[in-house]
Amino acid sequence: MAPKTDIEIARAADKRPIEEIGARLGIPAEALLPYGRDKAKVGAGFIAGLEGRPEGRLILVTAINPTPAGEGKTTTTVGLGDGLSRLGHNTAICIREASLGPCFGMKGGAAGGGYAQIVPMEDMNLHFTGDFHAITSAHNLLAAMIDNHIYWGNELDIDQRRVTWRRVMDMNDRALRDIVCSLGGASNGYPRETGFDITVASEVMAILCLATDLADLQRRLGDIIIGYTRDKAPVHARDLKADGAMTALLREAMQPNLVQTLEHTPAFVHGGPFANIAHGCNSVIATRTALRLADYVVTEAGFGADLGAEKFMNIKCRKAGLAPSAVVVVATVKALKMNGGVARDDLKAEDVAAVKAGCANLGRHIENMRSFGVPAIVAINHFAGDTEAEIAAVQDYVRGQGTEAVLCRHWAEGGAGIESLAEKVVALAETDHHSFAPLYPDEMGLFHKIETIARRIYRADHVVADQKIRDQLSAWEEAGYGHLPVCMAKTQYSFTADPERIGAPEGFDVPIREVRLAAGAGFVVAICGRIMTMPGLPRHPAAETIGLNAEGQVEGLF
């Protein structure tokens, strides 16, 4: 008999009322704003009342560079949360919301998999509680107000050639990357070049995920720079009087969403910036709320540790004053074989030599995580075709790196299949030898920050950037933005800017194509190589196989 699909497992879940899930964390029913029976938002008033409470321990789950073979980072995050709960620990999980782009594209959803899932899976991977729609609307409201201001006389003297605020939508659509708007005559405004990004790349998404409350949210929205005047002075969203209405649109979206795993562990699912083009972490307000309600909080950062985990440490932890107690680096035998040079069609055959070669990628991520002063352990996400010799090769390699690789069977067995890792994570987190620190200080120059990440995390020789880019960074420093951290927009598939260079390459340059100032979010974005902030759909998108069955249930999501 074929194993059940993720959606079949999720549909058969014995879900508890959301009030019962909240009660496990001490959240009273009146503090929940239910969206049906199995999901709810946690009220802002209750969250404000948690201020000053002691915080639990934060566990970060990251991974090696992703491959088509799959790594299972979110699945491991969910499984580890269930494993900690099975051991009797008061545990919460914090992950990001799913974007419709990958759901209907190639990557799939973001609720975990197998018997380590968060439910309701269909809702989470589609509209959920409407947060992404609110973020899209708030972003595009500002875009509309920019063109409207120019149309009605341009009192702020905005230079149409220097409008930097693009539009967004939550879908992969390459046709919208570069457009000309306001065509059709005088009544439609003044034509100009612009384009669309995907919603998860929006600065509004980053702001929502980094803001601490509604007042901080509005301040950050007001700080957004939408472009420049003809005298090259910055124009902010508050200059257009857009920040109040944007905040109103985001009032409910700002409140974290509470759901549950298949084993009823509470899970906060809130915010969804991608890690290859944004900072790749769930919201600060969700993480902070969870830490004040649980003894252990398991969270994940997007894609490989060179992206999501680096930004988690250098951006999220820096901004929110967080410090992880331990890091779990997820790897699979299949993915390591691909990093070792095996083609996807040949992964079923045992190849210990390829596993050993691919372990160089894993080793670099372990070393990088330790450079932040946090202990790291490896989770081998088990697949049925993995052989004992291949698993032993990974464990031997990791032992040589001074840590341990634990075989985890959470996909097939749920929390019971990952208890061993949970026990070891507790032991790591309870040690008092942590000395967490970001990779670079605030006062370091912006280009030097880019170089530091490229050299110390990617192992690049040089960063290549035109003088125009260097001059722009210098200008931002002179304007008072030099203290901001850097968010690298780079391919997730490689330490380099070339997605084809897998493994642990050395002797390469990182080309910076463009830099963007996200003044409201509080970081500078460096766009590397050919990375796109509006993805495209693959030749055969997942949308081709998604639909409703005879009972009106969603089929084809994964």
Side-chain angles (χ1 to χ4, degrees), residues 44 130-170 176 179 181-182 187-255 271-273 278-279 283-285 476 479-481 484 516-525 533-534:
D131 292 345
F132 278 28
H133 299 309
I135 291 165
T136 301
S137 296
H139 182 113
N140 290 334
L141 170 63
L142 178 55
M145 291 181 72
I146 294 167
D147 287 312
N148 185 65
H149 180 89
I150 294 171
Y151 177 82
W152 289 107
N154 198 5
E155 181 181 344
L156 293 172
D157 197 31
I158 298 170
D159 188 339
Q160 292 171 247
R161 300 166 301 175
R162 294 187 173 92
V163 173
T164 56
W165 193 253
R166 293 155 60 87
R167 286 166 166 82
V168 298
M169 65 181 296
D170 188 29
L176 295 178
I179 67 168
C181 67
S182 301
S187 63
N188 292 344
Y190 297 88
R192 66 181 180 87
E193 292 185 41
T194 183
F196 278 75
D197 295 329
I198 191 167
T199 297
V200 291
S202 166
E203 185 177 353
V204 177
M205 173 70 79
I207 286 171
L208 181 133
C209 287
L210 292 170
T212 54
D213 54 32
L214 285 173
D216 186 41
L217 177 71
Q218 181 160 349
R219 177 189 64 77
R220 289 172 176 271
L221 291 171
D223 285 344
I224 291 172
I225 295 175
I226 62 92
Y228 298 85
T229 68
R230 290 184 177 89
D231 293 332
K232 299 184 180 180
V235 180
H236 297 85
R238 69 170 56 87
D239 298 328
L240 292 159
K241 300 181 177 64
D243 51 323
M246 293 171 73
T247 304
L249 279 173
L250 296 170
R251 181 184 60 171
E252 289 192 1
M254 185 66 182
Q255 299 173 119
H279 73 286
S283 74
V284 166
I285 195 169
W476 287 336
Y481 297 108
L484 297 182
R516 298 179 182 177
L517 174 58
F523 53 70
V524 170
V525 181
T533 51
M534 170 55 87

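If you read the sequence from its start, that first residue is 1, and numbering goes on from there. No hydrogens, no waters, no symmetry mates; every other heavy atom, side chains included, goes into these values.
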Could you check whether any side-chain heavy atom of [X] comes within less than 4.5 Å of a side-chain heavy atom of [Y], counting everything from C-beta outward?
| X | Y | answer |
| --- | --- | --- |
| Leu214 | Met254 | yes |
| Arg238 | Ile224 | no |
| Ile285 | Asp213 | no |
| Leu484 | Leu517 | yes |

Considering non-hydrogen atoms only, spot the tightest contact between [X] and [Y] and give its length.
| X | Y | result |
| --- | --- | --- |
| Val200 | Gly272 | CG1-O, 2.9 Å |
| Thr194 | Trp165 | OG1-O, 4.2 Å |
| Leu249 | Ala134 | O-CB, 3.6 Å |
| Leu156 | His149 | N-NE2, 2.9 Å |
| Phe132 | Gly271 | CE1-C, 4.3 Å |
| Tyr151 | Tyr190 | CA-CE1, 4.1 Å |

Could you state the interatomic distance from [atom1] ([X]) to [atom2] ([Y]), rounded to the nearest 0.5 Å?
| X | Y | atom1 | atom2 | result |
| --- | --- | --- | --- | --- |
| Met246 | Ile135 | CE | CD1 | 10.5 Å |
| Leu221 | Glu203 | CG | CD | 8.5 Å |
| Thr199 | His139 | OG1 | NE2 | 8.0 Å |
| Ile207 | Leu250 | CD1 | CG | 9.0 Å |
| Ser202 | Arg166 | OG | CZ | 11.5 Å |
| Ile198 | Leu176 | CD1 | CG | 11.5 Å |

Taking NZ, NE, NH1 and NH2 as the nitrogens, is one of them in Asp216 or Arg219 under 4.0 Å from a carboxylate oxygen of the other?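 Looking at Asp216 and Arg219, the cut-off is met.
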
Is any side-chain N of the basic residue among Arg162 and Asp231 closer than 4.0 Å to the acidic one's carboxylate O?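 Salt bridge: no.
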
Is it the case that the side chains of Thr533 and Asp197 hold a donor-acceptor pair, with the cut-off being a distance below 3.5 Å and no angle test?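 Yes.
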
Whether the side chain of [X] engages the backbone of [Y] through a donor-acceptor N/O pair (distance < 3.5 Å, no angle test) should be reported.
| X | Y | value |
| --- | --- | --- |
| Thr229 | Ile158 | no |
| Arg220 | Ala521 | yes |
| Asn154 | Asp157 | yes |
| Asp239 | Val235 | no |
| Gln160 | Arg192 | no |

Within the supplied structure, the quantity of interest is the number of heavy atoms (other residues, nucleotides, ligands) at a distance under 6.0 Å from Arg251 CZ; does it exceed 12?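 Incorrect, the count does not exceed 12.
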
Criterion side chain to side chain contact (heavy atoms under 4.5 Å, CB included) on Trp152 and Asp147, from CA distance to verdict: CA-CA 9 Å; Trp152 289 107; Asp147 287 312; over 6 Å; no

Yes or no on side chain to side chain contact (heavy atoms under 4.5 Å, CB included) for Asp159 and Tyr228, after CA distance, side-chain angles and deciding distance? CA-CA 6 Å; Asp159 188 339; Tyr228 298 85; 5.7 Å; no

